[in-house]
Amino acid sequence: MHIQEVLNAIYERRHRYEYIVADKKLQCIEFSDNVIKYIDVQQASQMYTDIVKLIPEFIGLESELLQIGEGTKKSLEIPFVYKNDAYITISVQAGRKNKFEAIETIVVLFEDVTDFVKMQQKSIQDRNDKELLVLELEKANKMLTKYNKDITKLVEKEVEKNTHLTNEIIVTQREVIATMGAIGETRSKETGDHVLRVGEYAKVLALMAGLSSEEAEELRMAAPMHDIGKVGIRDAILNKPGKLTEEEFKIMKQHSLLGYEMLSGSQQKLLQTAAIVAYEHHEKWDGSGYPRGLKGENIHIYGRIIAIVDVFDALGHDRVYKKAWPLDKILEYIQAGSAKQFDPFLVEHFLKNIQVFTDIQTRYKNKEKSMMKNS
C-alpha cells in the first residue's frame, strides 16, 4: 500500500481508519488524533516510543514487523481485537510514496469493525435452527482448543520474554465463552448482558464465600455458559409468554443436561468449569432441584453460587413471561429460599452485601443507557 493512498483515504473519510506511522526500527513518528483509544496512553506520552509498547498485541511479533520494514514480508493482520467497547482489526503494511520508491516507514492501521461484528451476532440471533447453532458452538470450541494449543507451544518457548501471551489466552477464552453464552441467551430473546452480569455477581459472591481469586475469576469467565443448553430447546417453549405446561417444563429442564453434554468433553479447565455450572445451577439445597436432585454440599459450590445470582438477575429484569420485580420483593424471595432453594451460607453473605450487587446492576444499566443514547 502506498502511504499517500492511505492518508488520502483517511482524510477523505472513505475508511474508518486510525493510524500510527513508525520508522523501520519500529519507533513511532506520527499517529492520528483518535488512535489514543486503541493504544497504551502512558507509553504514548513519550517521544519516539517503540510501537510494541504502544500496542500490546504486537508482543512476540517484533521480528515480523521488522521484516515488513525490510520488505521481506508484505503485511500483518490481527483481526477482531476488542478494545474500549469496540471491535477493531489491526493491520500493518510497509509505507512508501509509490510502488517505485523504497520503503520509508511502517504504517499501522486500526479499522473499527464493530458494525460488522454486531451484524454477525444479529445473524446468529435470528437463526432458529438448533442443529446449526450447536454446530457453530462445536466449531468455536475446536477453534479455541487449537488456538490454545498453538499459543501454549509458543508460550513454552518464549515465556521469559513474552509473559503477556498468557493473558492473551485468557482474554481469548473469555471472549469466546462470553460470545457462546450470549448465543444461548439470544435464543430466549434475552440480552447478552445477562450472562455478563451473572459472571460479575458470581465472582464477587465467590470471594465472599472464601474462594481464591483464581477460582473466583475462573467462575466469572465460565458463568456466561450457564444456560448454553437452551440452544437445544424449541423456540415455542423457550419464548412462550405464559406459564409452561408440565410437559413443556419437563422439556425445558433438559437444557442443564444439554449444556453439560456440550461442554464436558473439552479438556480445557475453563470449559470443564462451565460444564459444572451448566449442569448444577438448577439444583436446590433441599434436593428438590434438577437434573439430578443433588442436595446440600453435594451440589458444587459453583452451581450454588450461580443459582443465587442467576435468580437475582432474572427476577430484576423483564422476561417474555414476566415483568421485572422490585428489589425488595426479590430479596424477600431469596431470603425465603434460604436452606430450601439456596445455600444459607451464601444467602447470608449475599443479603449482607446487597449494595455491592446492586452497584454492579446499576453500572450495566448506565452502560445500556449510554449505548442507546449513542446509537
Side-chain angles (χ1 to χ4, degrees), residues 177 180-181 184-185 194-195 197-233 244 246 249-315 330-354 356-357:
I177 285 181
M180 291 167 70
E185 290 303 310
H194 167 66
V195 296
R197 290 191 300 265
V198 168
E200 296 287 348
Y201 302 145
K203 179 178 180 179
V204 172
L205 188 54
L207 292 171
M208 292 175 181
L211 273 65
S212 69
S213 58
E214 291 79 9
E215 291 171 318
E217 177 63 13
E218 184 171 288
L219 180 58
R220 182 181 78 83
M221 292 168 63
M225 299 293 285
H226 67 279
D227 274 338
I228 191 61
K230 287 181 178 179
V231 300
I233 305 300
L244 299 178
E246 183 176 342
F249 185 58
K250 183 178 179 180
I251 294 172
M252 174 66 85
K253 291 194 294 184
Q254 294 174 3
H255 80 273
S256 294
L257 178 58
L258 289 172
Y260 175 75
E261 290 175 344
M262 289 179 192
L263 300 167
S264 59
S266 173
Q267 298 303 308
Q268 301 296 321
K269 184 180 179 184
L270 186 56
L271 292 181
Q272 291 174 355
T273 298
I276 294 171
V277 167
Y279 204 18
E280 300 191 14
H281 74 287
H282 282 298
E283 300 287 359
K284 295 183 179 180
W285 183 260
D286 63 4
S288 63
Y290 64 87
R292 292 184 291 167
L294 300 180
K295 185 175 182 180
E297 294 187 357
N298 288 327
I299 307 168
H300 197 287
I301 183 66
Y302 291 161
R304 285 179 271 151
I305 289 172
I306 297 298
I308 293 177
V309 298
D310 184 33
V311 167
F312 171 71
D313 193 74
L315 293 179
I330 296 173
L331 300 184
E332 288 176 8
Y333 180 87
I334 293 175
Q335 179 65 71
S338 179
K340 298 175 184 177
Q341 182 174 352
F342 307 119
D343 179 339
F345 172 74
L346 294 177
V347 169
E348 179 182 357
H349 282 281
F350 180 82
L351 296 177
K352 187 186 300 183
N353 299 279
I354 188 60
V356 178
F357 298 95

Test item: [X] and [Y] side chains (from C-beta on) under 4.5 Å apart, heavy atoms:
X      : Y      : answer
Met221 : Glu218 : no
Lys253 : Pro291 : no
Glu280 : Tyr260 : no
Ile228 : Leu258 : no
Leu219 : Leu205 : no

side-chain contact (heavy atoms from CB on, under 4.5 Å) between Leu263 and Met225, worked out: CA-CA 9 Å; Leu263 300 167; Met225 299 293 285; 3.4 Å; yes
Any side-chain donor near an acceptor of the partner, Gln335 and Ser338, under 3.5 Å: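 No, no side-chain donor-acceptor pair sits under 3.5 Å.
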His194 side chain to Asp227 side chain, donor-acceptor N/O pair below 3.5 angstrom: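 No, no side-chain donor-acceptor pair sits under 3.5 Å.
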Heavy-atom pair of closest approach, residues [X] and [Y]:
X      : Y      : value
Phe312 : Ile354 : CE1-CD1, 4.0 Å
Leu315 : Tyr333 : CD1-CD2, 3.8 Å
Gly199 : Ala223 : CA-CB, 3.6 Å

Counting only N and O atoms by type, is there a donor-acceptor contact under 3.5 Å from the side chain of [X] to the main-chain atoms of [Y]?
X      : Y      : result
Thr273 : Lys269 : yes
Glu283 : Leu294 : yes
His349 : Leu346 : no

Quick check for you: to the nearest 0.5 Å, what is the distance between [X] atom [atom1] and [Y] atom [atom2]?
X      : Y      : atom1 : atom2 : answer
Ile306 : Ile301 : CD1   : CD1   : 10.5 Å
Leu207 : Asn353 : CG    : CG    : 11.5 Å
Gln272 : Ser264 : CD    : OG    : 9.0 Å
Ile251 : Glu246 : CD1   : CD    : 11.5 Å
Leu211 : Glu217 : CG    : CD    : 12.5 Å

Residue that, paired with Gln341, satisfies side-chain contact (heavy atoms from CB on, under 4.5 Å) out of Asp286, Val311, Ile308: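 It is Val311, the one option of Asp286, Val311, Ile308 that forms the side-chain contact (heavy atoms from CB on, under 4.5 Å) with Gln341.
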Salt-bridge criterion met for Glu348 and Lys352 (N-O under 4.0 Å):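 Looking at Glu348 and Lys352, the cut-off is met.
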Cationic N near anionic O, under 4.0 Å, Arg197 to Asp313: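 Answer for the salt bridge query: yes.
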Val231/Met262 under side-chain contact (heavy atoms from CB on, under 4.5 Å): CA gap, chis, key distance, verdict: CA-CA 10 Å; Val231 300; Met262 289 179 192; 3.0 Å; yes
Sub-6.0 Å ring centroid separation between Tyr201 and Phe350: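 That pair fails the under 6.0 Å test.
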Test log, rule side-chain contact (heavy atoms from CB on, under 4.5 Å), inputs Lys284 and Lys340: CA-CA 7 Å; Lys284 295 183 179 180; Lys340 298 175 184 177; over 6 Å; no
Parallel, tilted or perpendicular, as decided by the 30° and 60° cut-offs, for the rings of Tyr290 and His282: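 Answer is parallel, since the angle falls under 30°.
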Where at least one partner belongs to residues 295-308, residue pairs that pass side-chain hydrogen bond (donor to acceptor under 3.5 Å, both in side chains), sequence neighbours excluded: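 Every pair satisfying side-chain hydrogen bond (donor to acceptor under 3.5 Å, both in side chains) with a residue in residues 295-308: Arg304-Asp343.
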Greater than 12 external heavy atoms within 6.0 Å of Phe357's CZ: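 Counting other residues, nucleotides and ligands, CZ of Phe357 exceeds 12 neighbours.
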Criterion side-chain contact (heavy atoms from CB on, under 4.5 Å) on His226 and Val195, from CA distance to verdict: CA-CA 8 Å; His226 67 279; Val195 296; 4.1 Å; yes
